[in-house]
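Notes follow the structure.
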Amino acid sequence: DRSNVSIIDKVLNDKKIFTFDQNKNFILLKRDNIEIDVSDDLMISSYLLNYNTKDDIAYLMNSSGYDVTFYQNSLKNGFDKKDILLKARFIYDTRDKYIEMLEKEEMLDLYKDIEMPLITVLANMEYSGIRVDRNILKDMDEEMSLRLKEIETEIYDLAGEEFNISSPKQLGVVLFEKLNLPYAKKTKTGYKTDVSILNKLASYHPIINKILEYRGLSKIKSTYLEGLTNYIREDGKIHTIYKQNLTRTGRLSSVEPNLQNIPARDEDGRKIRKAFLPCNDMFLSADYSQMELRVLAHVSDSKELQQAFINDEDIHSRVAADMYGTTIDEVTKEMRKTAKAVIFGIVYGISGFGLGENLEISATDAKKFINKYYELYPGVKNYMDRIVEEAYRDGYVKTMFKRKRVIDELNNKNFMIRQSGERIALNTPIQGTSADIMKIAMIKIFNEMKEKNLKSKMLLQVHDELIFDCLKEEKDVLEELVRRNMENCVKLSVPFKVSHDYGTDWYETK
DNA sequence: GCATGATGC
DNA sequence: AGCATCATGC
């Protein structure tokens, strides 16, 4: 009921305000040009403290003895006034307790200096939205329908029968029983038919590449061409929602739609980006290069890795040269690719098995690469041993900015699950610290843009990348401001490097 | 509602 | 192999 909404800012003007989900409040009130200054948000504090709150305070309250209606049910059956009062009372009554718990966990700074200020930044990005041209998507969709129809016919011809290509179950039967192809691997429900399996089969039968193409194109059609169109609003824009209380590492997630997984690598898919357009003159995109590896170099205090970044070397080539005992100039594409896979493995908390799968070599050979890497970068090895030991001792790990993640997997009876817990312990401080730093950069950039009264807007965040809708007269100021804040908001033992690009659509903005 | 498989960093 | 979201089949 918005009939009395205009009195809200008068009533709340000089008060301290505690909320649950200020982002939602912000966007509701923004329509009436009301901006209130919120001091505490229970959804955020409970998230940092590892409570399961989702987007509904009912989860939190009902797990401590209340019986309030879940938001989804209230939407269906109407809101009960008593319920609303109970929730408000709960927010007010528990505020001090939650602040105390944050302080005890050393997360008060994280809460006050990062997560609370970030709410406004995200709400503004969501409110701005990004312009998407539905006609571009429609044209691409029509072309895609034709291509899919063609491929479909070719697949039926090659298979000698018609079947549902989108059903992994039916496809498995065709490939492994009818065509008798090798590498048949079972899942619970049938045969595995994912990319890695199909790639191995490509040289055995021409149907395989057609299936891979069909899978890729139908993903583009259903999720992006059709999916995105459904989210274009009256204003011609897509307004994604950033979830600030979901991931276990501190990253954001993006939903309805997810704008953090718009195709980038595959050329066919990448074309989707042509439909994303600026409202001002152009997009500016700025991304951290090798963010997680730089964070690893810092948290592990690996002098060798740090030196490579200080020298601004191509890190994958550097590691390849060291691993194979050559100079950087002698590194081949294949050597670099292997080194890159090993480095990824390190960031994800390596196992010989996992790396072997990825490189399609035996686990034993993969383990040799890993050992070689440890020899070259003893600091990284020490870090990995230390963080796993600490995780077993404490039951949790923390990021550089004290974000905490409890790892229950480490107490599991199952060896595989404990191993997975060790990988989580290795990866979370790296991924989480990167997320912390990106959040700090976003807040600084947002505030400085506001201070300087810039009309350009921050629109999207994709983990290590920010996208702005830029006015041409603000181009130079914005570019300098963004780079300076991203590179300098946090000082590590290695420099951060930010690269940027401009474009009149998102496709052009490499 | 779960499993599978596509997409991103 | 770490962290995610969405579409589809069954």
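Just so we're on the same page: letters track the sequence lines, and every chain starts at 1. Only this structure's heavy atoms are used, side chains among them; waters, hydrogens and symmetry mates stay out. Remember, it's a predicted structure, so these values are computed and weren't measured experimentally.
Remark: P of C:dA4 and CD of A:E292 are 13 Å apart, rounded to the nearest angstrom. One can place CG of A:L355 at 9 Å from C1' of C:dA1, the figure rounded to the nearest angstrom. C:dT8 atom P lies 10 Å from atom NZ of A:K221, rounded to whole Å. Put simply, CG on A:N261 is 8 Å from P on C:dC6, counting in whole angstrom units. In this structure, A:K54 places its NZ atom 16 Å from C1' of C:dT5, rounding to the nearest Å. Rounded to whole angstrom, the span from the CZ atom of A:F163 across to the C1' atom of C:dG9 amounts to 14 Å. When rounded to the nearest whole Å, the span between CG of A:N358 and P of C:dG2 equals 12 Å. At whole-Å resolution of the value, CE in A:M384 and P in C:dG2 are 13 Å apart.
Contact annotation for A:G345: base contact, defined as any heavy-atom pair under 4.0 Å involving a base atom. Residue-level contact check: A:R248 touches the backbone only, with heavy atoms under 4.0 Å from sugar-phosphate atoms and none from bases. Using a 4.0 Å heavy-atom criterion, one finds that A:A341 contacts the bases of the nucleic acid, with or without backbone contacts as well. Across all strands, A:T193 comes closer than 4.0 Å only to sugar-phosphate atoms, never to a base (heavy-atom distances). If you check every strand for non-hydrogen atoms under 4.0 Å, A:R251 touches a base. Contact annotation for A:Q170: backbone-only contact, meaning every heavy-atom pair under 4.0 Å involves sugar-phosphate atoms and none involves a base. Using a 4.0 Å heavy-atom criterion, one finds that A:I424 contacts the sugar-phosphate atoms exclusively. Using a 4.0 Å heavy-atom distance criterion, A:V255 is classed as a sugar-phosphate-only contact. In this structure, A:Q260 reaches the sugar-phosphate backbone alone: every heavy-atom distance under 4.0 Å involves primed, P, OP1 or OP2 atoms, never a base. Residue A:L252 is out of contact with every strand shown, counting any heavy-atom pair closer than 4.0 Å. Residue contacts for A:S420: at a heavy-atom cut-off of 4.0 Å it reaches no nucleic acid atom on any strand shown. Using a 4.0 Å heavy-atom criterion, one finds that A:S254 contacts the sugar-phosphate atoms exclusively.
Minimum heavy-atom separation, A:E357 to A:K185: OE1-NZ, 4.3 Å.
The backbone N or O of A:N164 lies less than 3.5 Å from a partner atom in the side chain of A:Q170, making a donor-acceptor pair.
Put simply, A:Y348 rests on the base of C:dG2: the two rings are less than 5.5 Å apart at their centres and nearly parallel, under 30°.
Aromatic ring centres of A:F70 and A:Y59 lie closer together than 6.0 Å.
No cation-pi contact links A:K54 to A:Y51, judged by a cut-off of 6.0 Å to the six-membered ring centre and 45° from its axis. In this structure, A:R423 is not positioned above the aromatic face of A:Y348 in the sense of NZ or CZ being under 6.0 Å from the six-membered ring centre and within 45° of the axis.
Checking the phosphate oxygens (OP1, OP2) of C:dG2, a side-chain nitrogen or oxygen of A:R423 falls inside 4.0 Å. For C:dT5, the OP1/OP2 oxygens have a side-chain nitrogen or oxygen of A:S253 closer than 4.0 Å. Residue A:R405 places at least one side-chain N or O under 4.0 Å from the OP1 or OP2 atom of C:dC3.
Nucleotides of DNA chain B with any atom under 4.0 Å from a heavy atom of chain A span, from 5' to 3', B:dA3 to B:dC9.
The nucleotide whose nearest atom lies closest to any side-chain atom of A:E256 is, among C:dA4, C:dC6, C:dA1, C:dC6.
Remark: A:K398 NZ is packed, more than 12 non-hydrogen atoms of other residues, nucleotides or ligands lying under 6.0 Å away.
Taking the six-membered ring where the residue is Trp, A:F176 and A:Y191 present tilted rings, their angle falling between 30° and 60°.
Checking A:S317 against A:R336 by side-chain atom types alone, a donor-acceptor pair falls below 3.5 Å. Side-chain polar atoms of A:D287 and A:S499 form a donor-acceptor pair below 3.5 angstrom.
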